[in-house]
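Okay, so here's the structure we're looking at.
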There are 2 protein chains.
Amino acid sequence: MKDVIENKLKLRSVKPTAMRLLVLQCLMEQNRALSLNELEALFENADKSTIFRTLKTFQENYLVHRINDGSGAIKYALCDDDCICSLEDNHIHFLCTKCEKTYCLKDTPITTPNLPNGFRANFANYLIEGICSTCT
Amino acid sequence: MKDVIENKLKLRSVKPTAMRLLVLQCLMEQNRALSLNELEALFENADKSTIFRTLKTFQENYLVHRINDGSGAIKYALCDDDCICSLEDNHIHFLCTKCEKTYCLKDTPITTPNLPNGFRANFANYLIEGICSTCT
DNA sequence: CTAAACTTTGCAATGGCATTGCACTCCTTA
DNA sequence: TAAGGAGTGCAATGCCATTGCAAAGTTTAG
């Protein structure tokens with residue numbers, strides 16, 4: 001397990017500090033998108049700004065992507081190993097309004113519609129709100 | 001013109017105060033989604049909280065919908081006259097990363113994808129970022 | 001082996017935006 | 001015309017993202 005995490009970091013040329021290993025592990029275990037506050041709560045004794053900067057580093061190296069799910073707090077979720085956060089990597093996110101958890105629906109790719117003349121798309125953020133399978 | 005605005009309010013049973021007429025007019029004229037700060041700047045001498053509450057009233061009566069375009073500030077845009085802000089009324093929003101303006105693409109309805117088993121959709125927020133036709 | 005240079009971390013602000021309590025004004029209505 | 005309710009303005013408050021600065025840790029050059 002630890003090897004998998006370290007490999008993920010190595011793959012993206014990010015130095016494996018203790019904090020980074022922990023944050024990455026959390027994101028892998030939870031298997032959903034987490035906010036800064038949620039992550040902080042999972043650690044108890046880590047500083048929020050350190051986690052923030054850890055996540056920033058992760059973003060810059062395509063380890064995580066940020067999700068704006070309208071909850072007020074930005075959520076962070078793991079990227080796939082071959083992700084470069086391009087339009088093609090964008091996928092639908094699902095916010096359950098009951099349990100308040102946000103999931104990546106990686107198997108549900110976004111179909112970019114035909115835009116009006118002169119509009120060009122660089123990035124898509126498609127959020128669906130509803131009830132998730134465990135809350136049904 | 002003024003009649004059109006007053007009618008919109010009457011249609012939704014919202015009393016036409018001076019502030020409400022002004023805010024509604026702004027939203028009609030700009031033909032795009034505006035943030036609270038943008039609206040405040042257009043008036044110079046109106047209080048932000050008054051505009052906020054005006055917009056809240058508008059939302060509650062399906063006159064405007066709020067858009068989370070990831071800019072940090074919520075944007076507000078006019079609803080169609082027959083809108084009840086249901087899933088069917090949801091449409092794509094476009095944020096131009098050059099001029100920072102957000103538009104409703106009402107002619108580009110959202111196609112809701114097939115969700116994984118057990119997931120049910122109630123609301124969709126589909127935002128596309130890119131370059132708009134006037135910035136191309 | 002050691003000192004300098006750089007990176008990471010923790011603490012303590014700061015700033016932006018949404019939201020609300022309270023008092024004042026205005027408008028409606030009995 | 002007085003009372004009640006609706007609308008407005010001002011001044012907080014709170015939440016979240018972000019950053020400056022100094023301490024601690026790590027790497028590198030000599």
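Naming convention: chains lettered A, B, ... in sequence-line order (proteins, then strands); numbering from 1 in each chain.
D:dA17 atom P lies 14 Å from atom CD1 of B:Ile74, rounded to whole Å. Rounded to a whole Å, the CG atom of A:Asn61 is 15 Å from the C1' atom of C:dT8. Distance CD (B:Glu38) to P (C:dC17): 10 Å, rounded to an integer number of Å. Rounded to whole Å, atom C1' of C:dA18 lies 15 Å from atom NZ of B:Lys75. Regarding A:Leu55, its CG atom lies at a distance of 15 Å from the C1' atom of C:dT8, rounded to whole Å. As a whole-Å value, the separation of B:Glu100 CD from C:dG16 P is 16 Å. Across the protein-nucleic acid pair, B:Ile51 atom CD1 and D:dC10 atom C1' stand 14 Å apart, rounded to whole Å. Distance, A:Glu40 CD to C:dG10 P: 11 Å, rounded to whole Å.
The side chain of A:Arg53 places no N or O atom within less than 4.0 Å of a non-bridging phosphate oxygen (OP1 or OP2) of C:dC11. One finds no side-chain N or O of B:Asn37 lying less than 4.0 angstrom from the OP1 or OP2 phosphate oxygen of C:dG16. For the pair B:Thr50 and D:dG9, the criterion of a side-chain N or O lying under 4.0 Å from OP1 or OP2 is met.
Of all nucleotides listed (C:dA12, C:dT19, C:dA18), C:dA12 comes nearest to the side chain of A:Ser49. Of the listed nucleotides (C:dA18, D:dA17, D:dG9), C:dA18 has the atom at the smallest distance from the side chain of B:Phe52. Distance from the side chain of B:Asp47 is smallest to D:dC10 among C:dT20, D:dT18, D:dC10.
In summary, of the residues considered (A:Arg32, A:Lys101, A:Lys48), a salt bridge (Lys or Arg N to Asp or Glu O under 4.0 Å) with A:Glu38 occurs for A:Arg32 alone.
Using modelled atom types, one finds a donor on one side chain and an acceptor on the other under 3.5 Å when comparing A:Thr102 with A:Lys75. With hydrogens and angles left out, the side-chain atoms of A:Asn68 and B:Asn68 include a donor and acceptor closer than 3.5 Å.
Where B:Thr54 and A:Lys48 meet DNA chain D, the nucleotide closest to each residue was compared, and B:Thr54 sits on the side nearer the 5' end. Nucleotides of DNA chain D nearest to A:Tyr76 and B:Ala46 differ in position, and the one nearer the 5' end is that of B:Ala46.
Using modelled atom types, one side-chain atom of B:Asn90 and one backbone atom of B:Ala124 make a donor-acceptor pair closer than 3.5 Å.
Checked against the 6.0 Å centroid threshold, A:Phe94 and B:Phe119 count as a close aromatic pair.
Annotation for B:Tyr62: atom OH does not count as buried by contact number, only 12 or fewer foreign heavy atoms lying within 6.0 Å.
Within residues 13-35 of chain A, no residue has any heavy atom under 4.0 Å from DNA chain D.
Put simply, B:Ile84 and B:Leu78 are part of two different groups of oily side chains (I, L, V, M, F, W, Y) that touch within less than 4.5 Å, one to the next.
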